[in-house]
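Here's the structure, in structure tokens; my notes come after.
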Amino acid sequence: MRSTPSRRATATGALIAAAALLAVGVQTGGATAAPAGSAAPAAAAKGADPGALPAQLSPAQRAELIREANATKAATAEELGLGATEKLVVRDVVQDVDGTTHTRYERTLGGLPVLGGDLVVSETKAGATESVAKASRATGAQLKAVGTAADVAPAAAEKQALTAAKAEGSRSAEASKAPRKVVWAAEGTPRLAYETVVGGLQHDGTPNELHVITDATSGEKLYEWQAIENGTGNTQYSGQVTLGTSGSSGSYNLTDSARGNHKTYNLNRGTSGTGTLFSGADDIWGNGSATNTETAAADAHYGAAETWDFYKNVMGRSGIRGDGVGAYSRVHYGNNYVNAFWSDSCFCMTYGDGSGNAAPLTSLDVAAHEMTHGVTSNTANLNYSGESGGLNEATSDIFAAGVEFYSDTAEDPGDYLVGEKIDINGDGTPLRYMDKPSKDGASKDYWYSGIGSVDVHYSSGPANHFFYLLSEGSGAKTVNGVSYNSPTSDGLPVTGIGRDKALQIWYKALTTKFTSTTNYAAARTGTLAVAGELYGTTSAEYTAVANAWAGISVGTRPGGTDPEPGGTVFQNTTVKALPDRATTNIPVTVTGVTGNAPSDLSVAVDITHTYRGDLVLDLVAPDGTAYRLKNSSSSDSADNVVATYTVNASSETANGTWNLRIQDAYAGDTGTFNSVKLTF
């Protein structure tokens, strides 16, 4: 087995880009014990293969699956070909209705955490391994070569981390714990390193949890990421709603016993601790005005409840971690604090009161956005930097939209806008737009090679755009009274499949395909794989996923809707699964061409695959002569084959049946053939 690419995942996230608060907002066997429950009712009605939908697991069922995964992790490590000093640590287990189990692991090497070593093993109900998604493609030999003796002292690593934090404007920066020795495998060749976490405050008052990775041999800074991911009641944004509370006549408090005992606290302008649990003599909270301290609490408490219900009733997930335990909310953070954030360290959502303490950031979509950072952290753990960071932010926006549509209050109906209620720009405009992200003045509409260097709140734009296109399609449309007009990068139309299907595809990809280092190309691979599992690789849904990605410049459209200039095109666009360790022939019939094939025969290939180094590609002429297009290579670790090859086939008669021969040379990765196009 070979590894797949990786990066360290997120721990927390703020809603708004720190550098632009007032304006807007590095790439790279399982348990089968408890019987799977039924699919979530809202999800099961979408026409998907019911067996491939996520099962509703109780916390006890999930705990049993984790116990069994722990009992078999040594055997799993051996099956994966891990070295003698490598061990697996079970992070999470999810299960499909048909009993397919997806177990997420971290790795250690000689007792040291391997950052970027996370992987997901998917097994059938019978225990056969179906696929392995790895965050790092480092080889076993490369990992074995990593020593444990450091040339750099921990103090030097800590000093470098503090310097990095101060350079970014951090205040009262100090290492929150001693640097820990790790193996850094998220990028390039694995190496011994230190991870230092810097505390204090960021320049805008947001808590600081900056992780800095320092090479333990050279002292070079290798990587850094920010772990704070920048959230009856009379609410300010959702009107009068029902809240889950505790207590009895004369003594009530904001504890929702039906949703994991989620609690809402008043920080009263403080910036640390939990503050005071909201309580009162009656069970009425707030008056709809920001001047009443209970109003923000009612909004935050309601947002947490609706997000909990969305994940449980639509996705079958019981709480952020899937263990039935509720997080908690803190409101009235700081003074004039214009942001909201999720933090893993407290397992909580925190909300500021906005400019002039008049517009708390407690709207429903903000609450859902922040709670989803927690879900992401406990599933794919997408690193909060580079392309994976943009996907992390987009995931929070995507499910925030899902929660709004799910809740569907008259005061805040569902839309494809982010933060439209909190008026953070002061002119009534939203924080972000999903149909055309660039309308906010900073977000990107389409993917491009340098997008990983853009702030994650803006590099999220293409993924938000993908989700809108997949849900609603391109062009002009009005939804719940809001007008949208979504373009595509190639100028071609995209037909949407509906929001519910799009949400289900993204959720299953997040929980079973994505890893800490997933980038845009890998996200395409993962969502296509999920669309194939749910609806089949010849379905309209599968085609729509490919088209929506092509609409934001990630991959090509099935069938090559962009014919080559000149010549006559013959193609095969019948989507076909590529089994592991098998040979697949894709025929292309050529007719009506006089004489021989050209000396520059163009062969355009589009294959979705989790490890293209597996594949050997040949073009086989009608007489059986094979022309090698691509060799297998253990060092070719990228996803997918989207390439055009040129073959000198001038000695071959043009007419007849040609074949694209696809050989999967190694075990552990599978894919899908999308199209091949020959231009004569």
Side-chain angles (χ1 to χ4, degrees), residues 205 207 231-310 312 318-321 323-337 339-354 356-364 366-368 370-371 374 403 407 409 411-412 421-422:
T232 306
N234 295 302
T235 70
Q236 185 170 352
Y237 303 115
S238 296
Q240 190 172 76
V241 298
T242 300
L243 299 181
T245 61
S246 295
S248 57
S249 181
S251 179
Y252 297 94
N253 63 77
L254 288 184
T255 300
D256 193 340
S257 58
R259 298 175 177 87
N261 286 319
H262 169 271
K263 300 177 187 293
T264 300
Y265 294 91
N266 183 7
L267 279 176
N268 195 28
R269 306 277 181 259
T271 58
S272 62
T274 57
T276 304
L277 180 67
F278 277 93
S279 59
D282 57 33
D283 205 6
I284 299 174
W285 308 90
N287 63 4
S289 170
T291 58
N292 185 308
T293 58
E294 289 184 353
T295 297
D299 272 299
H301 204 69
Y302 176 71
E306 290 297 283
T307 305
W308 176 286
D309 288 352
F310 167 81
K312 184 173 184 179
S318 182
I320 285 174
R321 289 188 299 238
D323 60 359
V325 176
Y328 64 88
S329 298
R330 306 185 300 177
V331 298
H332 305 308
Y333 173 91
N335 189 36
N336 298 309
Y337 179 66
N339 217 333
F341 59 90
W342 162 268
S343 174
D344 274 344
S345 61
C346 68
F347 198 61
C348 70
M349 293 78 69
T350 303
Y351 306 91
D353 284 331
N357 295 319
L361 278 78
T362 50
S363 65
L364 178 61
V366 173
E370 300 309 336
M371 285 183 72
V403 171
S407 183
T409 62
E411 291 78 6
D412 191 9
K421 289 287 187 179
I422 57 178

Testing the 3.5 Å rule here: is there a donor-acceptor pair between the side chains of T295 and Q236?
no
Which distance, rounded to the nearest 0.5 Å, do you find between the OG1 of T264 and the CG of L277?
8.0 Å
Is there a side-chain contact between D353 and R269 in this structure, where contact means two heavy atoms from C-beta onward sitting under 4.5 Å apart?
yes
Taking all heavy atoms of L254 and all of A297, pick out the closest pair and write down the distance.
CD1-CB, 3.8 Å
Please name the pair of heavy atoms, one in K421 and one in S363, separated by the smallest distance, quoted to 0.1 Å.
CB-CB, 4.0 Å
Side-chain heavy atoms of W285 within contact of T245, under 4.5 Å
yes
Contacts satisfying side chain to side chain donor-acceptor pair (under 3.5 Å) that involve residues 252-261 (not counting sequence neighbours) are N253-T255, T255-K263, D256-R259, R259-D309
Any side-chain heavy-atom pair of S289 and T291 under 4.5 Å
yes
Between R330 and G273, which heavy-atom pair has the shortest distance, and what is it?
NH1-O, 2.7 Å
Side chains of S329 and H301 only: does a donor on one sit below 3.5 Å from an acceptor on the other?
no
Are any of the side-chain heavy atoms of K312 and W308 separated by less than 4.5 Å?
yes
Take N266 and Y333, measure what side-chain contact (heavy atoms from CB on, under 4.5 Å) needs, and give me the verdict at the end.
CA-CA 8 Å; N266 183 7; Y333 173 91; over 6 Å; no
Does some side-chain heavy atom of N357 sit less than 4.5 Å from a side-chain heavy atom of N335?
yes
Can you tell me how far the CD1 atom of I320 sits from the OG1 atom of T307, to the nearest 0.5 Å?
8.5 Å
By ring-ring contact (aromatic ring centres under 6.0 Å, His included), H332 pairs with (sequence neighbours left out) none
Please tell me if the side chains of F278 and E294 come closer than 4.5 Å, counting only heavy atoms from C-beta onward.
yes
For the residue pair T235 and Q240, establish whether any side-chain heavy-atom pair is separated by less than 4.5 Å.
no
When rounded to the nearest 0.5 angstrom, what is the spacing between CG in L243 and NE2 in H262?
10.5 Å
Cation-pi geometry met for R321 and F347 (6.0 Å, 45°):
yes
Would Y302 and E306 count as a side-chain contact (heavy atoms from CB on, under 4.5 Å) here? Give the steps.
CA-CA 6 Å; Y302 176 71; E306 290 297 283; 3.4 Å; yes
Is any side-chain heavy atom of Y337 less than 4.5 Å from a side-chain heavy atom of T350?
no
Residues passing the ring-ring contact (aromatic ring centres under 6.0 Å, His included) test with Y265, sequence neighbours excluded, are Y328
